[in-house]
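Taking it in order: structure first as structure tokens, then the write-up.
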Amino acid sequence: MAFDGITVAALTKELQDKLTDGRINKISQPEPDELIFTIKTRQGSQKLYMSASASLPLVYLTEDNKPAPMTAPNFCMLLRKHIGSGRIVKIEQPGLERIIHFEIEHYNELGDLCSKILTVELMGKHSNIIFREGDMIIDSIKHISAYISSVREVLPGREYFVPLTNEKANPLEIDKCTFFETVYSQNQPLSKALYMGLTGFSPVMAEELCTRATIDSATFANTLSDIEKEHFYRQFENLIDDIKKGEFDSNIIYDNGEPIEFAAVSFALYGNNEAKRFESISTLLESYYAEKNVITRIRQKSADLRRIVQTALDRNYKKLQLQEKQLKDTDKRDKYRIYGELINAYGYGLEDGAASFEAFNYYTNENIVIPLDKDLTIRENSVKYFDKYNKLKRTFEALSGLIEETKSEIEHLESVLTSLEIALKEEDLVQIKSELVEFGYIKKHGGAQGKKEKVTSKPFHYISSDGYHMYVGKNNYQNEELTFNVANGGDWWFHAKGMPGSHVIVKTEGEELPDRTFEEAAKLAAYYSKAKGVKKVEVDYTERKNVKKANGGKPGFVIYHTNYSMIIEPDISEIEVCN
């Protein structure tokens, strides 16, 4: 979700409540586009983090700290000089713009009370932190010259102004008549008409308002009926009233445990998804981006492993394609055997030098014409066909074995790729890397041959609605361990049918499992498989005693012949995680 004007409004309200009248105690600049203020308030010390990063502009209160450079950057030194012990007297947001103004009082060198403004603009690649006196810019964390922007220069001595946002209307001040003219006159989808006509609305919030009004967001704004226009406007009014009153509902939306969206208001758009609520927007932002950062970091860390696995997979796909083509060429081997047999059976009366002869094929009860080499005797023709047959037969037998090996290798690599998709933490990659080393996809380096990374990753652990413990392997080694060491013969084993995925074990403790637990375990097996994104997945399940390790099989590869199956949706949002 974009850091939209509504989120900034919630943040501004929180900062007003917690920082107004607070005194700045410390200023640091850990990164070129970041600042951290330590502010003493009546409630205690607060840390205010702000970033003008083009990729992730943020402002929030935090308890964490970041090490500052030994020598403070010039902008940081300037702020320390002017407002190093200043008092925050006002925090405001102009309209619903993605801007926060901090008005700070301080004493100058002569002891006179002065006022400065620190403006944080949270506008994507145009984000900036600007220090000014009145409308005159003293300095900024990013200098923007006329060569970079023809709209506004951000340089010391220039005048500060808020850029016009395409003449958008202010939702906090707009009246009903203007709203109708601004939004309903547009010949484009309603959601787009809303965020293109009003400041502060992101596409997600525009979709949210359409959901609240039960109007399809793709409906063109200028085609709405009078009743729809009135109803939609009432929903808009209700939202704006909540913003004006400072009544926010900070929450993160999850999709099967992964954060996908956040907002400062409750969501109707994601009614079927899990929503986690937070007491403050700062806590929400810190939690959301920390969780997203973990996911991003693990994907970056696993990128090299993915590349190794994908390269090996592509090589094996090509190898399999070539082997299957060569195998198809051996299909005519039986034809040559029959030719040889028929020549021996009927060729005794033929003279040497014949180009062909017709014989009765007792396999098909039909006459066939057999080509002959005129330069060879009848017997030599027979031997020639048997030689061709034997050569193709040997090729067929060799290729059949090679194809099975290639398919097995592909299946193994696809299971490793699925393990990489499941990995949530860096420690989850340790066993996957070890497996790739063991099977020769990663070369062992001389100095590291005797060293093994410590394995701290453990299987996922869930509790069913009926109180049964369910375990999910994160990789092939854990699958093997769960199935053959953790589970006993009477426990139940689940796996997505015919595809790479995790082994799921349900500990029965000698009891008969309820149907609901079977369904929840099957959901886990479906979710932690290659078919995670499919609506319905077929899952096999059986008692652990029916599962055997395949002879010479790779870790986690098993065989079973007695099983049940069910079709299930891979949705685990309602299943309790056991930490």
Side-chain angles (χ1 to χ4, degrees), residues 251-262 267 270-278 287-288 291-292 294-295 298 415 418-425 427-428 457-475 478-479 481-483 486-488 490-497 499-544 547 556 563-579:
N251 64 103
I252 296 177
I253 303 299
Y254 290 84
D255 181 17
N256 286 321
E258 183 174 337
I260 58 169
E261 202 60 88
F262 73 85
F267 265 126
Y270 297 97
N272 295 326
N273 291 74
E274 176 193 357
K276 183 179 178 181
R277 285 174 166 75
F278 293 81
S287 177
Y288 179 83
E291 290 184 55
K292 294 294 281 187
V294 167
I295 293 169
I298 190 66
S415 73
T418 302
S419 299
L420 287 169
E421 293 291 338
I422 291 171
L424 297 178
K425 299 176 181 178
E427 54 262 34
D428 295 339
S457 175
K458 294 181 179 179
F460 294 115
H461 185 188
Y462 292 86
I463 301 290
S464 76
S465 300
D466 301 295
Y468 291 90
H469 292 268
M470 303 182 291
Y471 298 91
V472 183
K474 293 179 181 176
N475 54 61
Q478 289 188 10
N479 287 338
E481 176 72 14
L482 279 177
T483 300
V486 174
N488 60 45
D491 293 333
W492 282 85
W493 180 92
F494 295 75
H495 193 280
K497 187 179 184 68
M499 68 183 69
S502 296
H503 294 197
V504 176
I505 293 294
V506 182
K507 299 293 290 180
T508 64
E509 304 301 336
E511 300 175 3
E512 186 175 340
L513 294 183
D515 289 346
R516 184 166 54 178
T517 296
F518 277 105
E519 290 172 2
E520 290 175 346
K523 286 182 178 181
L524 289 171
Y527 180 78
Y528 290 108
S529 75
K530 191 178 179 180
K532 175 182 175 180
V534 179
K535 286 186 177 180
K536 297 290 183 180
V537 181
E538 185 174 1
V539 174
D540 286 345
Y541 60 102
T542 185
E543 287 185 293
R544 154 61 190 88
V547 181
N563 67 277
Y564 305 93
S565 295
M566 74 168 76
I567 307 293
I568 202 76
E569 184 180 356
D571 179 9
I572 64 171
S573 56
E574 301 297 323
I575 304 176
E576 181 184 347
V577 179
C578 184
N579 296 322

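Between Asp491 and Val486 the shortest heavy-atom distance is OD2-O, 4.4 Å. Taking all atoms of both residues into account, the shortest heavy-atom contact from Ser464 to Thr517 is OG-OG1, 3.1 Å.
Between Trp492 and Phe518, the ring planes lie perpendicular to each other; the angle is over 60°, past the 30° to 60° tilted range.
Within the model, atoms CZ of Phe262 and CZ of Phe267 stand 9.0 Å from one another, a figure rounded to the nearest 0.5 Å. Summarising the geometry, atom CD belonging to Glu576 is positioned 10.0 Å from atom CD belonging to Glu520; distances are rounded to the nearest 0.5 Å. For the atom pair OH (Tyr541) and CG (Leu513), the distance works out to 10.5 Å, reported to the nearest 0.5 Å. The distance from the CD1 atom of Ile567 to the CD atom of Glu569 is 12.5 Å, given to the nearest 0.5 Å. To the nearest 0.5 Å, the span separating CG on Asp428 from CD on Gln478 amounts to 7.0 Å. In this structure, Lys458 NZ and Glu481 CD are separated by 12.0 Å, a value rounded to the nearest 0.5 Å.
Arg516 and Asp466 are joined by a salt bridge, as a carboxylate oxygen and a charged side-chain nitrogen come within less than 4.0 angstrom of each other.
The main-chain N or O of His495 is never found under 3.5 Å from a side-chain atom of Asp540 such that the two would form a donor-acceptor pair. Between the side chain of Ser502 and the main chain of Lys474, no donor-acceptor pair closer than 3.5 Å is present.
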Apply side-chain hydrogen bond (donor to acceptor under 3.5 Å, both in side chains) to Glu511 and Tyr468, showing your working. CA-CA 10 Å; Glu511 300 175 3; Tyr468 291 90; 2.6 Å; yes
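Residues that satisfy the ring-ring contact (aromatic ring centres under 6.0 Å, His included) test with Phe460, not counting sequence neighbours, are Tyr528. Scored by the salt bridge (Lys or Arg N to Asp or Glu O under 4.0 Å) test, Glu421 finds Arg306 as partners (sequence neighbours excluded). When the side-chain hydrogen bond (donor to acceptor under 3.5 Å, both in side chains) test is applied to Thr483, the partners found at least two apart in sequence or on another chain are Trp493, His503.
Dense packing is recorded around NZ of Lys507, with more than 12 heavy atoms of other residues, nucleotides or ligands lying under 6.0 Å away.
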